[in-house]
Amino acid sequence: MEHDEGGAILVGDQAGYRVRLEGFEGPLDLLLHLIRKHRYDIYDIPIARILEEYLAVLDTMRVLDLDVASEFLVMAATLAEIKSRMLLPKPQEDEEEGEDPRAELVRRLLEYERMRAAAERLADRPVLGREVFARSFRAPELDEVEHPDAPIEADLFRLLLAFRDVLEEAPETFVEDVARERISIQEAMQEILEIFETAPAGAGLAFQDLFPPRTSRTRLVTTFLAVLELVRLRALRVMQVTPFGEIRLFAVLMEES
Amino acid sequence: MDPETLARAVEAVLFASPEPVPLARLVDLLGPEGADRQAVLEALARLERALAGRAVEVREVAGGYQLRTRPEFAPFLARLEVPRPVRFSRAALETLAIVAYRQPVTRAEVEEVRGVDCGGVLKSLAEKGLVRIVGKKDVPGRPLLYGTTRKFLEVFGLASLADLPSLQEIEELLAQEEKPGDPPGAA
Amino acid sequence: MDPETLARAVEAVLFASPEPVPLARLVDLLGPEGADRQAVLEALARLERALAGRAVEVREVAGGYQLRTRPEFAPFLARLEVPRPVRFSRAALETLAIVAYRQPVTRAEVEEVRGVDCGGVLKSLAEKGLVRIVGKKDVPGRPLLYGTTRKFLEVFGLASLADLPSLQEIEELLAQEEKPGDPPGAA
């Protein structure tokens, strides 16, 4: 991939810039282009000159009625700020403290350049369905079996897309309930049920076992409310074997209906 | 294009095609490389010879050519159960999302939201270990309540239910538009 | 089963499977024929040698083995009507690279590197199943974290993420490109 494929190439000549195509990927892309084109040392960028050239490109883009995205303007402001900071007198020779005002910009430029190069390497790879092809169907003689332990192919994004569609159709009250996000008590309920799943059957759990030491106050309240909710739903039963004795919780075995 | 390369090109085409490829179609595809009907037939014969010792052969089926595993591997392949990764239907995803965000929830409540019967979907989600019964609702009839499982979290890469994006986050996420500068059809 | 037949059996299995088959799965499948892990690896190597002159090769992709056409046959196959010829914009490729190398990564972090809004690109990559939400970052606001998917490995023919060139390799590559003596403007 040419790095400027699909972006803009600014061809510098004596008359200024001619703009081909529409836009750079972003201000960092444009800055790198200018720095590399003029063969400036990236660790010692002549900020005043690069700012001038950068602004000239933005002007050209405006003249050509190209949309100059706000990110480009933010970068222009950043460059101007660095320029003014560089004009300030250096804070003495005991330096170390006074970091080069350009340091952060250089770090970002190098990181972007690395990632841009990584993207080019990615683009150079043969892409499935473009340069290389796999079999697009399963041999009919092969039994397709849904294994109980087959990997489940899922991704949260698809779940969310489906949920968004649900919300669009759903009754108002449902949407409101979801918006209230009662998740944390539900989460605590799930955790408690899981503790019971792993606990030895029949023995139950001591009430205190659900509240390990150093549990935060909010967490205590949430867990407590979750226990109450589970008891109310009859998923848990509370037993006190002796008066004033230990309170134990038991999972209620559920029969399918 | 020399006969050997042509034979390989035919192999590539047959390999990648989901259906038998008619001779005329092969000539169409390889014609721009200077191959006529006769050359393609020769390439097919050459490919057949090249595949002599392999697990796969060229077969003329349903008016076209196709690569197939040799019959002697059929009994063997029949024994191989290739597990198919489970993919979710739209109904399953919607139901799962409702259970995740509204748990504990009864079947009737899920159905009220989706507007259709969800018994089968819930059962299948429970079989896959993604939802489970967490109790009974304290209302007349004491309907079963469903919630998600630890496996649900694992499958969707969530550390806990608190990691489910909030409604606001979903909206932000899904409201994103691609920038107009990106070419159509590009990822 | 003799080594040659085993290699053919492996070929038959890979041919019949549209998705990459993990080594462990091959061992499972061929174990009843007396093949252990070592024997299957040898069969794979033998198969690779047997395919040397052919249009198809064995590739290690997304944690498994798969038969794929060699890239030089793309021109004929491009004319075939096989699903989805994929195109990637620069924005998509840059975003993919950042997610691949920096995962798990938040949208804000991706945007910090690219210097532009990436919400739309991330969404589109997620819709194509190339990136996915992998959790939330443990910082104030709990922003969503993104990572690449198995499909990403499959589409770009990577055995695993470790198969990506290291950042050091990329830096060396860049250092070479910027060596004095290059024509001005080369980037």
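We use all heavy atoms of the structure for the numbers below, so side chains are in, but hydrogens, waters and symmetry mates are not. We name chains A, B, ... by the order of the sequence lines, and we start the count at 1 in each one. Note that this is a predicted model, so its numbers are computed, not measured.
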List the atom of [X], the atom of [Y], and the distance in Å for their closest heavy-atom pair.
| X | Y | value |
| --- | --- | --- |
| L159(A) | L93(B) | CD1-O, 3.5 Å |
| L230(A) | V134(B) | CD2-O, 4.2 Å |
| R234(A) | R142(B) | CD-NH2, 2.9 Å |
| G135(B) | A235(A) | CA-CB, 4.0 Å |
| R132(B) | Q190(A) | NH2-O, 3.9 Å |
| R90(B) | L161(A) | NH2-O, 4.3 Å |

Hey, is CZ on R125(A) packed in by over 12 heavy atoms from elsewhere, all under 6.0 Å?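 Counting neighbours around CZ of R125(A), more than 12 heavy atoms of other residues, nucleotides or ligands fall under 6.0 Å, so yes.
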Using a cut-off of under 4.5 Å for heavy-atom pairs, which of T95(B), T148(B), L96(B) has the most such pairs with chain A?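 With the most close heavy-atom pairs to chain A, the winner is T148(B).
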Point-to-point distance, once rounded to the nearest 0.5 Å, from [atom1] of [X] to [atom2] of [Y]:
| X | Y | atom1 | atom2 | answer |
| --- | --- | --- | --- | --- |
| F156(B) | L160(A) | CZ | CG | 9.0 Å |
| Q186(A) | S160(B) | CD | OG | 13.0 Å |
| R135(A) | F15(B) | CZ | CZ | 6.0 Å |
| L145(B) | L233(A) | CG | CG | 5.0 Å |
| R232(A) | D138(B) | CZ | CG | 6.0 Å |

Close side-chain approach of E169(A) and R114(B), heavy atoms under 4.5 Å: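 Sidechains of R114(B) and E169(A): no contact.
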Answer whether the closest heavy-atom distance between the side chains of E94(B) and F163(A) falls below 4.5 Å.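 They are not in side-chain contact.
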Of all residues at least two apart in sequence or in a different chain, which pass the ring pair (Phe, Tyr, Trp, His ring centres under 6.0 Å) check with F157(A)?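 Residues passing ring pair (Phe, Tyr, Trp, His ring centres under 6.0 Å) with F157(A): none at all.
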Under 4.5 Å from any heavy atom of chain A, what part of [X] do you find: side chain, backbone, both or neither?
| X | answer |
| --- | --- |
| L174(B) | both |
| L14(B) | neither |
| E109(B) | neither |
| P165(B) | side chain |

Give, as side chain, backbone, both or neither, the part of L236(A) having an atom under 4.5 angstrom from any heavy atom of chain B.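 Contact with chain B is absent: no heavy atom of L236(A) under 4.5 Å.
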With salt bridge (charged side-chain N to carboxylate O under 4.0 Å, His left out) as the rule and sequence neighbours excluded, what pairs involving residues 164-173 of chain B come up?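 Matches after skipping sequence neighbours: E169(B)-K136(C).
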